[in-house]
Amino acid sequence: MYRARLFAIRHSGAFGWIYGRLERLMIALDPVFARLGYNRVERPIALVERVVKGVLFDCRMCGQCVLSSTGMSCPMNCPKELRNGPCGGVRPGGFCEVRPAMRCVWVLAWDGATRMQGGDRIREVLPPVDRSLKGSSAWLRVSREKAARLREAREASRTTLAQAFPGARRNEPSTAPLAEEPPSAVNRGQRR
Amino acid sequence: MSGLGEHADALPAYEEPPPGHVSGSRLERVLRAGRFAVTAELNPPDSADPADVFEAARPLGEVADAINATDASGANCHMSSIGISALLTRAGYGTVYQISCRDRNRIAIQGDVLGAAAMGVRNVLCLTGDGVGVGDQPGAKPVFDFDSVSLLRTIRTMRDEGVFLSGRKITRPPRMFLGAAENPCIEPHEWRPERLAKKVEAGAEFIQTNYIFDIPLFEKFMARVRDLGLDKRVFILAGVGPLASARAARWMRSNVPGIHIPDPVIERLERAAKPAEEGKALCIELIRRIREIPGVAGVHVMAYRREHQVSEIILESGVLEGRRPRRRGAEHSTPPPSDGPAAP
């Protein structure tokens, strides 16, 4: 769906906004997914994602979606699968070196980024794709990442306490615990 | 006390870079000293004879601070860049080891970087690589596991953090001067300097550009580069080369990816009685004009099948005036510390 892809990039501002909202929704749903089990929701969500993003962006399900950093132009459509393009082979008029009939994915990406809020993210150096994640849901990965960041913050506070009271940590580890607490062990309201 | 036993003559020992440097590379020394640097591309042999490599290097070594060993450029198969680099370092030449992301994955590339560094390679050029379709074996599987930018960041991590991308420790990290390519005269013109900024951010310390035949376009590029402050953060070597004839120029323009030659240049060659001489004169002219552009630190000569002209072109252009004549073996001239630890 080359045409749909071009349309999405032309309207990268709107699509970027919608995509941002969707991401936030996925993050908010983390407790739900966690409860159902991420493993169990992986397949159905990945299926929905494949269809929706396939139609709109020619998504290849790399599992590491970076559309928000690439002007809504999916870099997996670049024949060289560049994550930090364009390469030096772009043809006159902005066409692809390898597939001359196609507009360069990265020329479109830099243009698309100018129309997006936070389009500056395209200046960030992106790591190589982890090929073992192909076919998995990038949406769920976003939810999990947010949850992991929250968990990290909780862990940081425990680590700080343990380091501040090294003697107590050594002699009475339960006074400065490092292990994550299961929800049922924590008395949230602190009622007696 | 090199610890290399019987191979001590041929192999440079592992060395820590001099203060203020990231590598023991002569190219880095020349650039950091503020001198106008010259690099030249070697035409890789289709042969397994080391003598062919040395013969190809001879006309370049007289003027070049480092010789580029291309990595199957244009997706055509030749002797590997790591093999050429290893031979050249043994003969005392500075080399720029080119790595293309087209043919090897991250496991192979990180291993090759260590291997090249162990063979005395001190400069590396990180390239994305041309697509397989333009080469002599279009049926090959394109790899592109890295792109040039993530490759730069990976080698910098190996060098500065002493770890592979997996986090596993490297006991003696590769001390290499990191390079990348840029193609200022190719679309999208407005984003080329921005992508250069990404390469610098990823770790590039020097840049070798593709052919510059369009000075006004290159000047515009350099103006933006200076606006972004990039000329202070990276050494830019502009790519030049002699064109053999109008026909050759046209062929290059339509068959080699990423080459921009303006029509007036081709017309000038067409009118010339001796096109090859005109091509050489044009190249010298370009070098002189490029040298005047603020922010340019040197030139990179790509004289495909015209290697014999490189020395004359550089000497006639006058860019090396005031420099001592080149002597071979200067790449590893830093004396090893007498009481330093022996190499393993």
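Residue numbering restarts at 1 for every chain, and letters A, B, ... go by the order of the sequence lines.
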For [X], does the [atom1] atom have more than 12 heavy-atom neighbours from other residues, nucleotides or ligands under 6.0 Å away?
X	atom1	value
A/Asn39	CG	no
A/Arg131	CZ	yes
A/Gln117	CD	no
A/Arg144	CZ	yes
A/Arg50	CZ	no
A/Tyr2	OH	yes

Main-chain N/O of A/Arg83 paired with B/Asp147 side-chain donor or acceptor, under 3.5 Å: yes

Contact summary for B/Ser150 and A/Asn84, nearest pair of heavy atoms: N-ND2, 4.1 Å

Closest non-hydrogen atom pair between B/Phe144 and A/Pro79, with its separation: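 Closest pair (atom of B/Phe144, atom of A/Pro79, distance): CD1-O, 4.4 Å.
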
Heavy atom to heavy atom, less than 4.5 Å: which residues from [range] reach chain A?
range	answer
residues 179-217 of chain B	B/Asn183, B/Ile186, B/Glu187, B/Pro188, B/Glu190, B/Trp191, B/Arg192, B/Glu194, B/Arg195, B/Lys198, B/Glu201, B/Ala202
residues 250-269 of chain B	B/Pro257, B/Gly258
residues 101-116 of chain B	B/Arg106

Residue pair B/Asp145, A/Glu81: steps toward the side-chain contact (heavy atoms from CB on, under 4.5 Å) verdict: CA-CA 8 Å; B/Asp145 194 18; A/Glu81 296 189 351; over 6 Å; no

A/Val129, part contacting chain B, at a heavy-atom distance under 4.5 Å: backbone

Option that, when pairs with chain B are counted at under 4.5 Å, heavy atom only, ranks first among A/Cys87, A/Pro86, A/Gly89: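 Top option by heavy-atom pairs under 4.5 Å: A/Pro86.
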
Partner chain B: residue of A/Gly85, A/Gly94, A/Pro127 with the largest heavy-atom pair count (under 4.5 Å):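 Heavy-atom pairs under 4.5 Å are most numerous for A/Gly85.
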
Salt bridge (Lys or Arg N to Asp or Glu O under 4.0 Å) involving B/Asp160 - partner list, sequence neighbours excluded: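 Result, salt bridge (Lys or Arg N to Asp or Glu O under 4.0 Å) vs B/Asp160: none returned.
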
